[in-house]
Participant: 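One structure is given below, represented as structure tokens, and several questions about it will come after.
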Amino acid sequence: MCSVFQFKKQTFRPGREVTAQSRRGIVRYVWAGFARNESLDWWLQKGGVLLDLPIDRFAERSDQTGHLVWDDVPDHLVLRGLLDVQSGKPLLKVVTRAASLEELGRFQHPRMPLLAEPLFELLPEGMSGTSEEHPQGELF
């Protein structure tokens with residue numbers, strides 16, 4: 001699922017604001033849950049919007065020990081996010097997929113975050129990409 005992730009030493013957790021890349025540029029929304037990759041078509045039909053979440057590493061919480069198990073993410077991959085607009089207030093969901101047998105053994109959790117090639121070009125540092133509510137941060 002992804003209990004927590006980091007980008008440039010900043011930690012992101014459910015319930016807190018997350019910085020993402022969209023076709024409009026850099027946006028920020030509250031991380032409000034998860035969306036299964038297997039149901040992604042349904043989410044998109046309901047108006048969901050795919051996002052790229054920059055990521056350096058993530059952690060899953062082991063179902064057996066309760067401890068976080070960390071893994072680094074290759075530079076060319078992002079965490080796939082989904083903007084859920086059904087409730088009136090846009091909420092960010094992290095897209096998950098079923099864990100492989102190897103991942104299940106290592107992370108001791110049945111769901112993993114969906115890591116993928118970016119959909120959007122990263123804005124160069126210093127360019128002004130903004131969300132409707134917040135100016136660009138220093139993450140990029």
Side-chain angles (χ1 to χ4, degrees):
M1 250 171 11
C2 188
S3 295
V4 61
F5 71 93
Q6 292 181 333
F7 180 66
K8 292 192 176 182
K9 299 185 182 181
Q10 186 171 356
T11 301
F12 297 92
R13 298 179 187 280
R16 301 213 177 123
E17 196 172 77
V18 173
T19 302
Q21 182 79 22
S22 74
R23 68 178 178 273
R24 297 181 319 161
I26 297 170
V27 295
R28 290 180 183 79
Y29 296 103
V30 173
W31 179 359
F34 302 92
R36 290 177 173 254
N37 185 51
E38 299 87 346
S39 303
L40 205 49
D41 287 340
W42 181 86
W43 285 104
L44 296 173
Q45 289 173 4
K46 298 294 183 185
V49 178
L50 294 177
L51 302 171
D52 292 343
L53 285 66
I55 185 171
D56 292 325
R57 61 190 217 136
F58 71 91
E60 272 308 337
R61 188 165 305 280
S62 165
D63 285 344
Q64 294 177 8
T65 68
H67 295 116
L68 291 176
V69 180
W70 287 91
D71 198 12
D72 292 328
V73 175
D75 290 339
H76 67 283
L77 297 179
V78 296
L79 178 58
R80 181 65 63 231
L82 176 85
L83 186 61
D84 177 11
V85 295
Q86 294 182 79
S87 66
K89 180 179 181 182
L91 299 172
L92 186 138
K93 305 219 182 256
V94 168
V95 179
T96 67
R97 62 171 176 79
S100 68
L101 288 177
E102 179 185 338
E103 291 166 334
L104 189 56
R106 178 165 180 233
F107 292 94
Q108 300 164 350
H109 197 282
R111 302 294 298 175
M112 295 296 294
L114 180 62
L115 303 173
E117 295 287 334
L119 295 173
F120 310 103
E121 188 173 335
L122 185 64
L123 292 177
E125 286 192 45
M127 287 195 67
S128 179
T130 59
S131 75
E132 296 167 4
E133 302 171 16
H134 304 284
Q136 177 179 356
E138 297 299 319
L139 289 177
F140 301 96

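For reference, positions follow the sequence shown, starting with 1.
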Participant: Ignoring hydrogens, what is the shortest heavy-atom contact between R97 and P113? Give both atom names and the distance.
Facilitator: NE-O, 3.9 Å
Participant: So, taking the atom named CG in L114 and the one named OG1 in T96, what distance separates them when rounded to the nearest 0.5 Å?
Facilitator: 8.0 Å
Participant: Between P110 and D63, which heavy-atom pair has the shortest distance, and what is it?
Facilitator: CD-OD2, 3.3 Å
Participant: Linking I/L/V/M/F/W/Y whenever their side-chain heavy atoms sit closer than 4.5 Å, directly or via other members, would M112 and F34 fall into one cluster?
Facilitator: yes
Participant: Show me, pair by pair, the donor-acceptor contacts under 3.5 angstrom made by side chains of residues 36-44, not counting sequence neighbours?
Facilitator:
from : atom 1 : to   : atom 2 : distance (Å)
E38  : OE1    : R111 : NH2    : 2.9
E38  : OE2    : R111 : NH1    : 3.1

Participant: Please go through V78's hydrophobic cluster and name the other residues, only I, L, V, M, F, W, Y counting, with side-chain heavy atoms under 4.5 Å joining them.
Facilitator: none
Participant: side-chain hydrogen bond (donor to acceptor under 3.5 Å, both in side chains) with T65: which residues, sequence neighbours excluded?
Facilitator: S62, H67
Participant: State the CG-OH distance between L82 and Y29, to the nearest 0.5 angstrom.
Facilitator: 11.5 Å
Participant: With sequence neighbours excluded, what pairs up with E117 under the side-chain hydrogen bond (donor to acceptor under 3.5 Å, both in side chains) test?
Facilitator: none
Participant: Specify the closest pair of heavy atoms between S3 and P14, including all atoms of both residues, with the distance to one decimal.
Facilitator: O-CD, 3.2 Å
Participant: Between K8 and D56, does a salt bridge (charged side-chain N to carboxylate O under 4.0 Å, His left out) hold up when you go through it step by step?
Facilitator: CA-CA 7 Å; K8 292 192 176 182; D56 292 325; over 6 Å; no
Participant: Are L91 and S87 close enough, and set up right, to give a side-chain contact (heavy atoms from CB on, under 4.5 Å), and what steps lead you there?
Facilitator: CA-CA 8 Å; L91 299 172; S87 66; 4.0 Å; yes
Participant: For the atom pair CD (Q21) and CG (L53), what is the distance rounded to the nearest 0.5 Å?
Facilitator: 10.0 Å
Participant: The test is side-chain contact (heavy atoms from CB on, under 4.5 Å); show your working for D52 and R80 and say whether it passes.
Facilitator: CA-CA 5 Å; D52 292 343; R80 181 65 63 231; 2.4 Å; yes
Participant: Is the distance between the ring centroids of F107 and F58 under 6.0 Å?
Facilitator: yes
Participant: Who are the ring-ring contact (aromatic ring centres under 6.0 Å, His included) partners of F5, not counting sequence neighbours?
Facilitator: F12, W31
Participant: First locate atom CZ of R57, then atom CG of L79, and finally report the distance between them rounded to the nearest 0.5 Å.
Facilitator: 14.5 Å
Participant: Please say yes or no: joined through hydrophobic side-chain contacts below 4.5 Å, possibly via intermediate residues, are V27 and V85 part of one cluster?
Facilitator: yes
Participant: What closest approach, in Å, do S100 and E103 show between heavy atoms, and which atom pair accounts for it?
Facilitator: N-OE1, 2.8 Å
Participant: Is a donor on one side and an acceptor on the other found under 3.5 Å between the side chain of Q10 and the backbone of F7?
Facilitator: no
Participant: Would you give the length of the straight line joining atom CG of L92 to atom CG of L51, rounded to the nearest 0.5 angstrom?
Facilitator: 5.5 Å
Participant: Rounded to the nearest 0.5 Å, how far apart are CG of L50 and CG of L83?
Facilitator: 10.0 Å
Participant: Can you name the nearest heavy-atom pair linking G66 to R61, along with the distance?
Facilitator: O-NH1, 2.7 Å
Participant: Taking C-beta and beyond as the side chain, do T11 and R13 meet within less than 4.5 Å on heavy atoms?
Facilitator: yes
Participant: Return a table of donor-acceptor pairs under 3.5 angstrom between the side chains of residues 68-75 and protein atoms on other chains or two or more places apart.
Facilitator:
from : atom 1 : to   : atom 2 : distance (Å)
D71  : OD1    : R106 : NH1    : 3.4
D71  : OD2    : R106 : NH1    : 3.3

